[in-house]
Amino acid sequence: MKMHHIAIATHCIDSVLLKYQYLGYSIGELIQDTKRNVQICFIKNGDFTLELVEPLSDNSPVSAILKNSVQDSLYHICYSVENIEKTIENLETQGYLKISSLDFAPAIHNRRVVFMFEKDLGLIELVED
């Protein structure tokens, strides 16, 4: 597995983009993922990628993370994998729980993704190469 990006849950992408630009990040396009009820923007600084994720409504999975915080918060770490089904199977034997269906992600060039949870590490996302 190789780290693909770190996702940050944010109350408002527009309000933080300029702050990241001052830190040297280049800004990608804003993408609405209506299936997951979020707005997403990938930003890069060299080889390092952050995914900013803003809830589109209170029903968004990101809303619960931001509910009791005025600050942005770590949402998940995403790893790229060659065989996503095999990786899911291997992680489940290590105690990870699959908490989403295997689906296509419009913000990542429609590559297949899945979210998994581990009690000590939290939420991770897998994206297939």
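If you read the sequence from its start, that first residue is 1, and numbering goes on from there.
- For the pair Glu128/Glu85, a side-chain contact is recorded, criterion being any heavy-atom separation below 4.5 Å from C-beta on.
- In the hydrophobic clustering of this structure, Met116 groups with Leu74; members are Ile, Leu, Val, Met, Phe, Trp, Tyr whose side-chain heavy atoms approach within less than 4.5 Å, directly or through other members.
- Checked against side chain to side chain contact (heavy atoms under 4.5 Å, CB included), Ser63 has the following partners two or more places apart in sequence or in another chain: Pro55, Ser60.
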Just list the side-chain donor-acceptor pairs under 3.5 Å for residues 96-103, sequence neighbours left out, or say none.
residue: Ser100; atom: OG; partner: Phe115; partner atom: N; Å: 2.8
residue: Asp103; atom: OD1; partner: Lys35; partner atom: NZ; Å: 3.2
residue: Asp103; atom: OD2; partner: Lys35; partner atom: NZ; Å: 2.5

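- The distance from atom OG of Ser69 to atom NE2 of His11, rounded to the nearest 0.5 Å, is 5.0 Å.
- Residues that satisfy the ring-ring contact (aromatic ring centres under 6.0 Å, His included) test with His5, not counting sequence neighbours, are Phe42, His76.
- No continuous path of ILVMFWY side-chain contacts below 4.5 Å connects Leu18 to Ile27, so the two sit in separate hydrophobic clusters.
- For Phe104, the side chain to side chain contact (heavy atoms under 4.5 Å, CB included) partners two or more places apart in sequence, or in a different chain, are Asn110, Arg112.
- For the pair Ala107 and Ile40, the tightest heavy-atom approach, listed with the atom from each and the gap, is CB-CD1, 3.8 Å.
- Cys41 has its side chain out of reach of Ile31: every pair of non-hydrogen atoms, C-beta onward, lies at least 4.5 Å apart.
- By the rule that hydrophobic residues join a cluster once side-chain heavy atoms approach within less than 4.5 Å of another member, Val38 and Leu66 end up as members of one cluster.
- Side chains of Asn37 and Gln32 form no contact here, defined as non-hydrogen atoms less than 4.5 Å apart.
- Applying the salt bridge (Lys or Arg N to Asp or Glu O under 4.0 Å) test to residues at least two apart or on different chains, none of the pairs has a partner in residues 43-71.
- Between Asp72 and Val16 the shortest side-chain heavy-atom distance falls below 4.5 Å.
- Using a 4.5 Å heavy-atom cutoff, the side chains of Val113 and Leu126 are not in contact.
- Between Gln94 and Glu118 there is no side-chain heavy-atom pair separated by less than 4.5 Å.
- The structure places CD1 of Ile77 at 9.5 Å from CG of Leu123, a figure rounded to the nearest 0.5 Å.
- Heavy atoms only, all atoms of each residue included: Ala7 and Val53 are closest at CB-CG2, 4.3 Å.
- The closest side-chain heavy-atom distance from Gln39 to Leu30 is below 4.5 Å.
- The distance from the CD1 atom of Ile124 to the CE atom of Met1 is 6.0 Å, given to the nearest 0.5 Å.
- Counting only heavy atoms from C-beta outward, the side chains of Glu92 and Thr87 never approach each other to under 4.5 Å.
- Between the CG atom of Leu52 and the OH atom of Tyr25 there is a distance of 9.0 Å, given to the nearest 0.5 Å.
- If you take CG on Asp129 and CD on Glu82, they are separated by 6.0 Å, rounding to the nearest 0.5 Å.
- Nearest heavy atom pair, residue Pro61 against residue Arg36, reads CD-O, 3.2 Å.
- Leu121 and Ile65 end up in different hydrophobic clusters when Ile, Leu, Val, Met, Phe, Trp and Tyr side chains are linked at under 4.5 Å.
- Distance check: Cys12 SG to Leu17 CG gives 8.5 Å after rounding to the nearest 0.5 Å.
- Evaluation of the ring-ring contact (aromatic ring centres under 6.0 Å, His included) rule for Tyr75 yields no partner, not counting sequence neighbours.
- Put simply, Phe48 and Tyr79 are part of the same group of oily side chains (I, L, V, M, F, W, Y) that touch within less than 4.5 Å, one to the next.
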